[in-house]
Amino acid sequence: MKPAAPKPAEPRNFFQDVHEVARLIPPGRVSTYGAIAHYLGSRRGARTVGYAMMAAHTADHYVPAHRVVNRLGQLTGRLHYATPFAMQEALEAEGIRVEEDQVVDFAKLFWDPSTELA
DNA sequence: AGACTGACCAAAG
DNA sequence: GCTTTGGCCAGTC
């Protein structure tokens with residue numbers, strides 16, 4: 001007699017899903033909070049995705065948060081890094097050009113999980 | 001144990 | 001056309 005399975009169907013939290021998707025972003029490409037939120041199913045609040053990125057440090061595995069920007073292609077999370085330039089440098093190291101905290105050719109570098117992973 | 005906070009996006013006034 | 005509000009999850013004090 002199991003005291004009710006203390007195991008929910010999916011113990012995987014929303015954050016975990018976001019972190020996993022973020023890890024799927026190929027180098028040299030960038031994704032957005034809204035795109036990830038939409039891929040996970042409806043806009044559960046793109047905000048929540050942003051929270052997940054901030055809580056990326058709580059993830060067991062490394063999360064390339066530098067490849068995730070807002071829908072405008074801006075490095076909104078750069079202030080969360082050790083240095084305000086760490087995020088930009090990480091992107092430039094992958095061949096992505098950044099000008100004024102904004103990803104150049106963002107439209108071409110944009111990686112949409114809903115489309116790429118389909 | 002409860003309250004606050006924090007990397008967003010889009011629609012409505 | 002710009003400002004304000006609504007929706008949303010988990011970690012931390």
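Proteins come first, then strands; the chains are lettered A, B, ... in the order of their sequence lines, and each starts at number 1. Computation of the quantities below employed the complete heavy-atom set of this structure, encompassing side-chain atoms and omitting hydrogens, waters and symmetry-equivalent molecules.
- In this structure, CZ of Phe15(A) is placed 6 Å from P of dG11(C), rounded to the nearest angstrom.
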Check: Can Phe85(A) and Leu75(A) be said to form a side-chain contact (heavy atoms from CB on, under 4.5 Å), step by step?
Finding: CA-CA 10 Å; Phe85(A) 290 99; Leu75(A) 284 56; over 6 Å; no

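- Ranking dC8(B), dT12(C), dC9(C) by closeness to the Tyr33(A) side chain, first place goes to dC8(B).
- Among the nucleotides dC9(C), dC8(B), dG11(C), the one closest to the side chain of Tyr51(A) is dC9(C).
- Arg71(A) has its CZ atom 8 Å from the C1' atom of dA10(B), to the nearest Å.
- The side chain of Met54(A) sits closest to dG6(B) out of dC8(B), dT12(C), dG6(B).
- Of the candidate nucleotides dA10(C), dA10(B), dC8(B), dC8(B) has the atom nearest to the side chain of Thr76(A).
- Ring planes of Phe110(A) and Phe106(A): tilted class, angle from 30 to 60°.
- Rounded to whole Å, atom P of dC9(B) lies 10 Å from atom CD1 of Ile36(A).
- Among the heavy atoms of the strands, none lies under 4.0 Å from Ala52(A).
- The side chain of Asn13(A) lies closest to dA10(C), out of dA10(B), dG6(B), dA10(C).
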Next item on the list: Report the C-alpha separation of Phe14(A) and Val49(A) in whole Å, then their side-chain angles, then the decisive distance to 0.1 Å, and conclude whether the side-chain contact (heavy atoms from CB on, under 4.5 Å) test is met.
Entry: CA-CA 8 Å; Phe14(A) 198 84; Val49(A) 177; 4.2 Å; yes

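- When only modelled atom types and interatomic distance are considered, Thr76(A) and Tyr33(A) share a side-chain donor-acceptor pair under 3.5 Å.
- In this structure, Phe14(A) atom CZ and dC8(C) atom P are separated by 11 Å, rounded to whole Å.
- Here the side chain of His57(A) is nearest to one of dT12(C), dG6(B), dC9(B), namely dT12(C).
- One can place CG of Asn70(A) at 18 Å from P of dG6(B), the figure rounded to the nearest angstrom.
- The separation between His80(A) atom NE2 and dT5(B) atom C1' is 11 Å, rounded to whole Å.
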